[in-house]
Each structure stands twice: as structure tokens, then as C-alpha cells.
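Have a look at the structure below before the remarks.
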Number of protein chains: 2
Amino acid sequence: MPTMRDVARLADVSIATVSFVINETKPVSAATRQRVEDAMRELGYRRNALGRALASKRTRIIALLYPALQRRLHESAVEFFTSAAQAAKDLGHSLVLWPISNEADQVQEIIANGLIDGVLLMEVQLDDPRVEQLTGSTMPFSLIGRTRHPEQLPYVDVDFENSLVDAVDYLEGLGHRTICLLDNGSAELALAGYGPLVRARETFAAEMARRGLEAVHLSCQDSPISGEGAAEELLATAPDATAVVIMNDSAVFGFVSGLSRHGVRIPEDLSVVLFASTPDVAASTDPHLTLWRLPGVELGRRGVESLIDQLEGRGEPMTQGVVKCTFEEGASTAAPRAGGG
Amino acid sequence: MPTMRDVARLADVSIATVSFVINETKPVSAATRQRVEDAMRELGYRRNALGRALASKRTRIIALLYPALQRRLHESAVEFFTSAAQAAKDLGHSLVLWPISNEADQVQEIIANGLIDGVLLMEVQLDDPRVEQLTGSTMPFSLIGRTRHPEQLPYVDVDFENSLVDAVDYLEGLGHRTICLLDNGSAELALAGYGPLVRARETFAAEMARRGLEAVHLSCQDSPISGEGAAEELLATAPDATAVVIMNDSAVFGFVSGLSRHGVRIPEDLSVVLFASTPDVAASTDPHLTLWRLPGVELGRRGVESLIDQLEGRGEPMTQGVVKCTFEEGASTAAPRAGGG
DNA sequence: TTGTAAGCGTTATCAA
DNA sequence: TTGATAACGCTTACAA
């Protein structure tokens with residue numbers, strides 16, 4: 001691998017001049033620049049990230065810390081990750097995915113070894129020990145998701161509240177008056193204080209009440225088989241519901257197939273909205289589901305921008321923002337039957 | 001952040017001695033060592049990875065290159081990744097997940113910037129341009145999966161062949177004589193020459209023939225709805241099959257529920273084996289499926305070991321290995337009905 | 001507009 | 001058993 005010194009020698013300039021050309025950090029005459037660029041091309045020179053980092057005290061690497069306890073990464077997570085990586089690249093940084101357990105020292109270790117300029121923390125929970133660690137450190141960070149009290153923290157998050165209000169509005173507009181929210185109520189998530197779940201529940205209840213609509217609430221585990229059970233539970237306990245908002249990816253297919261097994265047609269007998277999910281899940285059933293899609297791409301970009309803004313020291317010291325889910329119409333929603341509701 | 005110089009000053013030794021203590025690279029008297037260690041503790045010293053990398057010409061970072069085109073990461077991939085990260089850590093390295101598109105220059109870029117000591121390439125395809133790039137470079141690498149001609153390449157892979165033979169043997173042992181392989185035959189994968197698919201098909205056909213059993217072959221897209229269709233296709237075209245080996249994660253639930261819709265009971269009327277998948281998928285149906293489980297953990301560990309062996313220059317210059325799937329019995333397999341077959 | 005030279009925080013070679 | 005000191009590849013005052 002050729003070094004800057006090699007380039008300088010070949011172009012017959014000083015090593016500093018080469019640096020000026022590469023980084024456009026000082027004016028260089030056209031002729032000199034040409035010689036340097038020719039030399040670089042001839043040698044196939046690429047600047048060494050290590051030397052640069054050591055000298056400039058910035059590695060330009062940011063890490064996306066992801067909890068290793070996670071069992072799978074869904075389409076939106078992958079989408080998020082890919083988008084974040086692209087945004088980082090566009091802003092002159094590299095983004096790496098760094099798996100961490102929830103043990104306290106893991107974050108410390110990454111911070112101390114000096115390889116990382118800043119971190120993005122995903123899957124943030126309402127009470128998140130990792131956030132406290134970051135807060136207590138000098139490491140710049142941004143959160144994807146929110147803690148219980150995010151007032152002083154930089155974050156971007158899904159706007160579950162307004163997205164859900166939109167969904168309710170959409171269904172009420174179609175004429176539905178009794179609507180069920182089916183979410184993922186596993187004990188694990190509830191105990192962990194999983195923000196999206198908690199906030200969706202509260203918003204749904206409040207918004208339905210505000211509109212004078214009847215809210216039904218159901219939970220099931222995140223598996224198809226649980227979804228089947230939820231379908232039966234719905235038919236047994238809330239037969240007058242004409243629409244369901246489902247916020248449980250893994251249960252979707254079982255739920256829909258459970259309904260179908262009991263002769264319930266979608267959307268003729270029941271409208272189904274898939275909430276905070278992804279197109280591949282929406283397309284996994286017949287008919288395809290009307291979807292409020294997680295804004296993975298937008299979230300990834302915004303998160304990276306927020307972090308790099310901090311690193312470059314430009315803009316506000318701290319940015320917060322939420323992004324709504326996007327509406328993608330499917331064939332699973334319609335006006336309720338005349339006799340229903 | 002304290003530096004080695006700070007530690008040296010406090011312990012009243014030279015900076016070199018501190019290095020000797022940390023790296024155990026030269027003998028140091030007990031007393032001196034104690035002073036150094038005390039100083040490190042007192043200052044909360046952590047060695048800076050950047051300086052170390054620059055001086056030693058090794059970053060001790062390895063990258064798991066993962067194709068950004070991938071839409072989701074399944075349990076086995078996450079398991080694999082986590083296990084690889086742990087193994088790397090145990091061997092004194094950091095592992096980061098680096099998303100790359102399939103564009104040719106991406107790999108080059110990572111190589112040239114000097115941050116990475118070696119790479120692990122996952123989701124290797126039979127004809128993989130990324131492998132050619134790596135082969136043509138000086139970057140140490142190991143493959144997870146195999147190309148069409150892997151003779152000269154370091155890799156670890158799933159032993160689909162022997163695992164599938166085991167599955168066939170298991171079903172034959174139960175008394176089944178007409179067995180169906182249901183795989184993921186999307187045009188995309190077939191065109192890309194996806195190794196696991198190709199090798200499983202060939203092995204299944206050959207092994208069934210060798211045993212004088214009747215092989216049925218079905219393919220469907222990777223979605224639940226396609227799985228339902230496959231169930232109907234099976235009943236229509238091969239009603240005498242008494243067992244199915246399914247190698248298509250996403251279609252599993254639809255397939256099983258499609259069977260159930262047609263009154264086919266598992267395992268009484270049909271035995272179902274889930275092949276090359278994960279426990280969460282096996283547990284997503286009723287009854288839980290008998291599973292040949294992808295050896296994600298083992299694969300991750302072996303892959304990292306293979307790579308780091310190269311980096312340390314110990315062991316053979318190149319290691320190759322395959323790992324069988326592990327058997328996890330479920331409730332979806334039994335002897336065929338007396339009148340069946 | 002260009003060059004000189006002092007770092008950045010380690011490792012590693014030689015001496016002592 | 002320890003200590004000086006020259007790298008490692010680059011950035012960045014400061015000079016010229």
C-alpha cells in the first residue's frame with residue numbers, strides 16, 4: 001500500500017501538500033494539484049484511515065449499537081440499518097453494526113478504546129441502562145427510540161401517536177365505530193417497558209374515547225399460533241368490532257388465517273389494518289393488508305444526521321424528532337357491513 | 001483519557017515498560033508490574049486501539065460483510081453474528097458487521113482504508129463476484145458458504161448434504177417411502193445459483209434414488225400464502241406422499257395451515273420435517289415441527305477461528321469445514337398410516 | 001502557494 | 001529487567 005509520502009515523492013511536493021489536495025483544506029495551485037492527483041492515480045493511493053484518525057483525533061466511524069438479545073432483525077430494522085449506513089457514507093463516515101449485550105461494561109469498553117466517534121443506540125427502552133451509561137460518558141450519541149424522560153436527550157423516533165391517530169381517523173372515516181387494537185402483550189415486553197407498545201396502547205384508548213368510539217383491546221404473543229388464538233378471542237369477546245388495528249408482526253398471518261377459518265371475510269366482515277410494520281408482512285396474507293409502514297429509511301437517515309451534526313459541532317447541540325408511519329393502502333379495509341357495528 | 005505516558009509517569013517507569021506489562025511481551029519484575037497496574041487502575045487507563053493499530057500494523061478488527069440487499073436477518077443469521085462476535089472477542093479481536101452492496105468497488109474500499117484486518121463473507125453464492133475480488137486482493141478472508149469451486153478457498157459451511165441424508169434416513173426409519181421436498185424455488189434464488197438450494201435438491205434426488213424411495217419435489221415462493229398453495233399442490237399432485245421435508249422458512253406456517261384446512265392431520269396423515277431452519281420457526285405451528293436446525297452458533301465460531309488463524313499465521317494456511325444441522329425432535333413426525341404410502 | 005516539523009498513542013528494536 | 005527512541009501514516013500549526 002502506497003503512503004502519502006510515496007505520493008509526495010512522485011509528485012515532487014511535500015507531504016503536507018498532498019494532504020491539502022486530498023482534504024481541500026488549503027488552496028493549491030492547479031498545476032500542483034494536477035501533479036498530485038496524477039501521482040495518486042498512478043500509485044493507486046488510498047488514504048489510510050488509521051493514520052488519519054490518529055492525527056485528527058477523529059476516526060469518522062460511528063457505531064450502531066444493537067442489542068444481541070434480539071432474536072431476529074425484521075425488514076424495517078435492516079432497512080433502517082442500510083439507510084443509516086448510506087447516510088453515514090454520504091456524510092464522510094463509516095457506520096458499523098456493533099453487537100452489545102446489556103451488560104453495563106460493554107458500552108464503556110467501546111467508548112474507552114477510542115475507535116468510535118459516536119454511537120447510535122437502537123431499540124431504546126423506556127428505562128434503558130445503556131442510555132444512562134452514555135449520558136454519563138463523553139461519547140456523543142443519538143437514540144433511535146425514546147426513554148421515559150427523553151427531554152434532555154437527542155433522539156429520533158417513530159411517531160406512533162400521530163400515526164395511530166391517523167389510522168383511527170381512517171377507519172372512522174370508513175364508518176367504523178367499534179375498533180380493536182391487537183398488540184404484542186408478551187410479559188417480556190411489558191416488563192421491559194417497551195415504549196412503542198405502551199405509547200400505542202395509551203394513544204389508542206385516549207383517541208377512541210375522544211372520538212366517542214368504542215375501543216377493544218387485545219394482546220397476544222408474537223407468533224402465528226397466538227394470532228389464531230387472538231382471532232377466536234376477538235370473535236368470542238367482541239363480535240361487534242368491525243375493524244382491527246394489529247400491531248404484532250408475527251401474529252398477523254395466524255390472525256388472518258384464524259379469521260378465515262371461522263368464515264370471517266376481509267374486508268367485507270372485518271377491516272384489518274397492519275400498524276407499524278413492513279410491506280413484506282402486509283403482503284404475506286390474502287388479501288394484502290392496508291399498512292402503516294415503519295419509516296425505517298427515514299429514521300436511519302435522520303438518526304445518522306443527528307449524530308454527525310453533533311460530531312461536526314454544527315446545528316443545535318441536540319436534535320429531537322419523530323417520523324410518522326407512511327400509509328400504504330391494501331385490500332383489507334372497507335366500510336363496515338350495513339348491519340354491523 | 002489517560003495515555004500510556006500518563007501511566008508511565010505515575011508508575012515512574014518508562015512508557016515501554018507499561019507496554020510490556022500490558023501486552024506481556026517481555027518479562028517485568030513483580031514489583032514494577034505492581035506499580036504499573038496500580039497506576040493503570042488509578043487512572044482508569046484503557047489502551048487506545050488506534051495508536052496500537054498504527055504501531056503494530058494490525059487493527060484487530062474483522063468485518064462480517066453482509067449483503068445489504070438482504071431484506072431480513074433470520075434467527076440463525078443473528079445467532080451466527082452474535083456467536084461470531086463473541087468468538088472474535090475471546091480471541092482478542094473486535095467484529096463489526098459491515099453492510100456492502102454488491103457493487104464491485106465496495107470491497108476494495110474497505111480493504112484500502114486499512115481499518116480491517118480480515119473479512120468474513122456471509123451468504124456466499126455459487127458464483128460470487130465478491131469472492132473474486134477478495135481472491136484478487138491481499139485481504140485475508142473466510143467464507144461462510146461455498147462457491148461453485150471452493151477448492152482453494154477457506155470456508156465453513158452448513159453440511160446440507162449429510163444433514164438431508166440424515167433427515168431422509170430418519171423418515172425412512174419411521175416407515176415413509178414417498179417423501180416430498182418442498183423448497184424455495186423463487187426464480188431469483190435459482191438464477192443466483194444459491195448453493196444451499198441447489199445442493200439440497202441434488203442430494204435429495206440422489207439419496208432417495210439410492211434408497212429406492214419415491215421422491216417428490218415441490219417449490220414455492222417464500223411467503224405464507226405460497227405455502228398454502230404448496231399444500232394444495234401437494235394434495236393434488238402427490239396424494240400418496242406421507243412425509244414432507246420443508247426447506248422454506250417463510251412458507252412453513254401457510255403450508256401447515258393449508259394442510260389443516262384440508263383436514264390433513266400432522267403427524268397422523270402426514271409427517272413434516274422442517275429443514276435447515278430455527279427453533280422459533282419450528283415452534284410457530286401446531287404441532288411444533290421436528291427440526292434440523294441451522295448450526296448458526298457453531299458456524300459463527302468456526303468462521304471467526306478460521307479467519308483469525310490466518311491472521312495470526314498459525315495452523316494451516318487455509319481451513320475448510322462443514323457443520324451438520326442438529327436434530328431437534330418435535331411432534332410433527334410419526335410412522336405413516338397403515339393404509340398409506 | 002508550499003514546506004517544515006511537531007504531534008497523535010502505541011509497538012518494537014536496540015542498548016544499557 | 002528496564003529505558004530511549006524510531007517508526008506507524010497522517011493532520012495541522014507555523015514558517016517561508
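In what follows, chains carry the letters A, B, and so on, assigned in the order in which the sequence lines appear, proteins first and then strands, with residues in each chain numbered from 1.
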Stepwise salt bridge (charged side-chain N to carboxylate O under 4.0 Å, His left out) check, D38(B) with R35(B): CA-CA 5 Å; D38(B) 289 348; R35(B) 287 214 313 285; over 6 Å; no
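- Here dG9(C) presents its C1' atom at 13 Å from CZ of R9(B), a figure rounded to the nearest Å.
- For V13(B), whose side chain is taken as the heavy atoms from C-beta onward, the closest listed nucleotide among dG3(D), dT11(D), dA12(C) is dG3(D).
- Each of R33(B) and M1(A) lies near DNA chain D, and the nucleotide nearest R33(B) is the one positioned closer to the 5' end.
- Across L121(A), L153(A), L120(A), a single residue satisfies side chain to side chain contact (heavy atoms under 4.5 Å, CB included) together with F141(A), and that is L153(A).
- Among dG3(C), dT2(D), dA4(D), the nucleotide with an atom closest to any side-chain atom of K26(B) is dT2(D).
- Of the candidate nucleotides dT2(D), dA5(C), dT11(C), dT11(C) has the atom nearest to the side chain of S56(B).
- Atom CD of E24(B) and atom P of dT11(C) are 13 Å apart (whole Å).
- R47(A) comes within 4.0 angstrom of the backbone, heavy atoms only, and of no base.
- Taking only side-chain nitrogens and oxygens, T17(B) comes nearer than 4.0 Å to OP1 or OP2 of dG3(D).
- Remark: R58(B) is not in phosphate contact with dT10(C), judged by side-chain N or O atoms under 4.0 Å from OP1 or OP2.
- Summarising the geometry, the separation between CZ on R5(B) and P on dC8(C) is reported as 8 Å, rounded to the nearest angstrom.
- Taking atom CG of L43(A) as the reference point, atom P of dG9(D) lies 14 Å away to the nearest angstrom.
- Residue T3(B) places none of its side-chain N or O atoms closer than 4.0 Å to OP1 or OP2 of dC8(C).
- Atom-to-atom, CG of L54(A) to P of dC8(D) comes out at 14 Å; the value is rounded to the nearest Å.
- Checking the phosphate oxygens (OP1, OP2) of dT2(C), a side-chain nitrogen or oxygen of S29(A) falls inside 4.0 Å.
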Residues N113(B), E109(B); criterion side-chain hydrogen bond (donor to acceptor under 3.5 Å, both in side chains); working and verdict: CA-CA 6 Å; N113(B) 87 68; E109(B) 214 170 298; over 6 Å; no
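- Between D12(A) atom CG and dG3(C) atom P the separation is 8 Å, expressed in whole Å.
- Closest to the side chain of S19(B), out of dT1(D), dC8(C), dT11(C), is dT11(C).
- E312(B) has a carboxylate O that lies under 4.0 Å from a charged side-chain N of R58(B), or vice versa, which qualifies the two as a salt bridge.
- Between R302(B) and E305(B), none of the side-chain N atoms (NZ, or NE/NH1/NH2) sits under 4.0 Å from a carboxylate O, so this pair counts as no salt bridge.
- Sequence order on DNA chain D of the closest nucleotides to I15(B) and Y45(A) puts I15(B) first from the 5' end.
- Taken from CG in L10(A) to CG in D6(A), the straight-line distance is 9.0 Å, to the nearest 0.5 Å.
- Within the structure, every side-chain polar atom (N or O) of R52(A) is placed at least 4.0 Å from both OP1 and OP2 of dC8(C).
- For the pair F20(B) CZ and dT11(C) P, the interatomic distance rounds to 10 Å; values are reported in whole Å.
- Put simply, N48(B) has no side-chain N or O that comes within less than 4.0 Å of OP1 or OP2 on dC8(C).
- In terms of phosphate contacts, S14(B) brings no side-chain nitrogen or oxygen within less than 4.0 Å of OP1 or OP2 of dA4(D).
- Computed from coordinates, the L115(A) CG to dT10(C) P distance equals 13 Å when rounded to whole Å.
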